[in-house]
Amino acid sequence: MKIIKKITFQLQRVFKKLERIAFPVLEENVETTMLVQSELLKRSLLNNPKYLEPNRLELHGFKVYSQNDEDGIIQEIFKRIGTTSKIFIEFGIGNGMETNTLYLLMQGWKGYWIDGNPTFVSHTKKVFKRAIDRGQLFVEESFITKDNIDSLLGKYFTGEIDLLSIDIDGNDYYVWENIKCINPRVVIVEYNAKFPPPCSFIMEYNETHHWDESDKMGMSLQAATDLGDSLGYQLVGTNLNGVNAFFVRKDIIRGKESALFPLPATAENLYNPAHYYLPFRGGHPARHFLG
């Protein structure tokens, strides 16, 4: 009996060692397999002839600090239209380490970030202290509504800026509609890809809205395109994941549309469906700001 117990005990120790060795390897292999499959899917999608049409933006996408491929698309847009102030404003930044404008900050742009989460804002102010201290970056904690957005933005910037990025997972339509104090040359807005064109979906305004991870959020691409048109902006593209839509002010590209961006500039032509699982990796995870 003692021998059996001893053998059992030894076997248990062996199995525990195997668990510690094998399970992480298995998990890592599963993750690697999923990434490879997603990468193959991404490449397969980009082989679609529509992405090879002149002036499409999808093939230019890449990630440095953006959530997906936005960094590359932003770079390509400004390559085509040039920059003026090199000023950005972005709200809905999380902890600041995965935004549409951090790569621009790294390149010497000046900007303003707003987020409603006090923990995120506190973290952001610590990580980006050097940029804040030298006046390159302003960071503020505030819960954004359609009624307070203009006064918030006007604290630091008015008039023409190069880039505005809106991502608050809810009242994005109403907030963009009520921005008057700045005149961005380029606007990025999140769209709800569940509703393809010509469906014009707009979430009912709720001043206290917090996204519950349901489809009750934001606006469809058709609604964003129509709003942009009414505000003087042309849709120039969406990213491959079906997350963000990119707009350029019409006066900047008037008369040069066919040479700069894809036509027709419609939601139907430039819509990308939701591919939220596509991988866009920027090397080592972002932890610290080096600027």
Side-chain angles (χ1 to χ4, degrees), residues 31 35 61-78 83 85-145 148-149 151-158 161-172 175-176 179 182 184 186-190 209-211 213 217-218 239 241 243-244 246 276 278-291:
E31 181 182 1
L35 285 171
F62 61 77
K63 172 190 176 80
V64 180
Y65 286 114
S66 55
Q67 183 178 8
N68 303 295
D69 55 349
E70 294 87 357
D71 283 329
I73 292 175
I74 292 167
Q75 178 172 288
E76 181 62 22
I77 289 173
F78 284 107
T83 58
S85 62
K86 291 191 175 182
I87 290 173
F88 63 79
I89 294 176
E90 182 169 5
F91 39 91
I93 62 155
N95 65 7
M97 298 308 299
E98 197 173 59
T99 72
N100 288 334
T101 54
L102 175 51
Y103 188 41
L104 300 177
L105 186 71
M106 293 285 290
Q107 297 174 75
W109 285 44
K110 184 176 183 178
Y112 179 27
W113 287 346
I114 311 172
D115 198 273
N117 185 308
T119 302
F120 283 159
V121 171
S122 176
H123 173 270
T124 299
K125 286 182 175 180
K126 291 177 183 177
V127 172
F128 296 90
K129 185 177 186 302
R130 290 170 62 186
I132 294 169
D133 288 347
R134 63 174 173 251
Q136 184 187 358
L137 178 66
F138 304 98
V139 180
E140 183 156 352
E141 177 199 334
S142 182
F143 190 83
I144 293 170
T145 71
N148 71 8
I149 185 58
S151 60
L152 284 170
L153 300 187
K155 287 182 179 181
Y156 299 104
F157 298 110
T158 57
I161 67 169
D162 267 320
L163 178 65
L164 170 67
S165 181
I166 303 171
D167 179 4
I168 53 175
D169 298 324
N171 295 316
D172 306 59
V175 169
W176 186 17
I179 293 174
I182 57 170
V186 176
V187 177
I188 306 171
V189 295
E190 188 175 58
H209 172 77
H210 286 83
W211 185 43
E213 300 188 9
M217 53 82 69
N239 69 325
N241 295 68
V243 175
N244 280 306
F246 300 82
Y276 302 143
L278 291 181
F280 286 95
R281 301 172 73 83
H284 298 293
R287 292 289 184 268
H288 303 287
F289 177 59
L290 303 176

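We count residues from 1, following the sequence as given. The basis for the numbers below is simple: all heavy atoms, side chains too, and nothing from hydrogens, waters or symmetry mates.
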**Report entry** Partner residues of K125 under the side-chain contact (heavy atoms from CB on, under 4.5 Å) criterion, sequence neighbours left out
**Finding:** V121, I132, V139
Query raised in the report: Between D71 (side chain) and V64 (backbone), is there a donor-acceptor pair under 3.5 Å?
Result: yes
Report task. For the residue pair D172 and I166, establish whether any side-chain heavy-atom pair is separated by less than 4.5 Å. Result -> yes
Report task. To the nearest 0.5 angstrom, please state how far the CD atom of Q67 sits from the OH atom of Y276. Result -> 10.0 Å
Query raised in the report: Atom CH2 of W109 and atom CG of L137: how far apart are they, to the nearest 0.5 Å?
Result: 14.0 Å
Query raised in the report: Taking only residues two or more places apart in sequence or in another chain, which ones pass side-chain hydrogen bond (donor to acceptor under 3.5 Å, both in side chains) with T101?
Result: E90, W113
Query - Interatomic spacing from CD in Q136 to CZ in F128 - rounded to 0.5 Å - result: 10.5 Å
Query raised in the report: Looking at residues at least two apart in the chain, or sitting in another chain, which of them share a salt bridge (Lys or Arg N to Asp or Glu O under 4.0 Å) with K155?
Result: E140
Query raised in the report: Which pair of non-hydrogen atoms, one from G96 and one from T124, has the smallest distance, and what is that distance?
Result: N-OG1, 3.8 Å
Query raised in the report: Counting only N and O atoms by type, is there a donor-acceptor contact under 3.5 Å from the side chain of N148 to the main-chain atoms of I144?
Result: no
Query raised in the report: Hey, what do you get for CG (L104) to CD1 (I87), rounding to the nearest 0.5 Å?
Result: 12.5 Å
Report task. Give the minimum heavy-atom separation between I179 and I182, together with the two atoms involved. Result -> CG2-CG1, 3.5 Å
Query raised in the report: What is the distance from atom CG of N100 to atom OH of Y65, rounded to the nearest 0.5 Å?
Result: 14.5 Å
Query raised in the report: Is the backbone of I114 close enough, under 3.5 Å, to the side chain of E141 for a donor and an acceptor to pair up by distance?
Result: no
**Report entry** Contact check, side chains of I188 and L163, non-hydrogen atoms, under 4.5 Å
**Finding:** yes
Query raised in the report: In chain order, what residues pass the salt bridge (Lys or Arg N to Asp or Glu O under 4.0 Å) check against D162, with sequence neighbours excluded?
Result: R185
Query - N239: side-chain hydrogen bond (donor to acceptor under 3.5 Å, both in side chains) partners, not counting sequence neighbours - result: D69, E70
Query raised in the report: If we only count heavy atoms from C-beta on, is the L105 to L102 side-chain gap below 4.5 Å?
Result: yes
Query - Test side-chain contact (heavy atoms from CB on, under 4.5 Å) applied to F138 - qualifying residues, sequence neighbours left out - result: K110, Y112, Y156, F157
Report summary line: Contacts of K86 meeting side-chain hydrogen bond (donor to acceptor under 3.5 Å, both in side chains) (sequence neighbours excluded), chain-then-number -> none
Query raised in the report: Sequence neighbours excluded, which residues qualify as side-chain contact (heavy atoms from CB on, under 4.5 Å) partners of F120?
Result: N95, D115, N117
**Report entry** Value rounded to 0.5 Å, distance of NZ in K126 from NE2 in H123
**Finding:** 8.5 Å
Query raised in the report: Does the side chain of L152 reach to within under 4.5 Å of the side chain of F91, using non-hydrogen atoms?
Result: no
Report summary line: Applying side-chain hydrogen bond (donor to acceptor under 3.5 Å, both in side chains) to N241 and not counting sequence neighbours gives N68
Report summary line: side-chain contact (heavy atoms from CB on, under 4.5 Å) filter on E76, not counting sequence neighbours, yields L57, H60, K79, R80
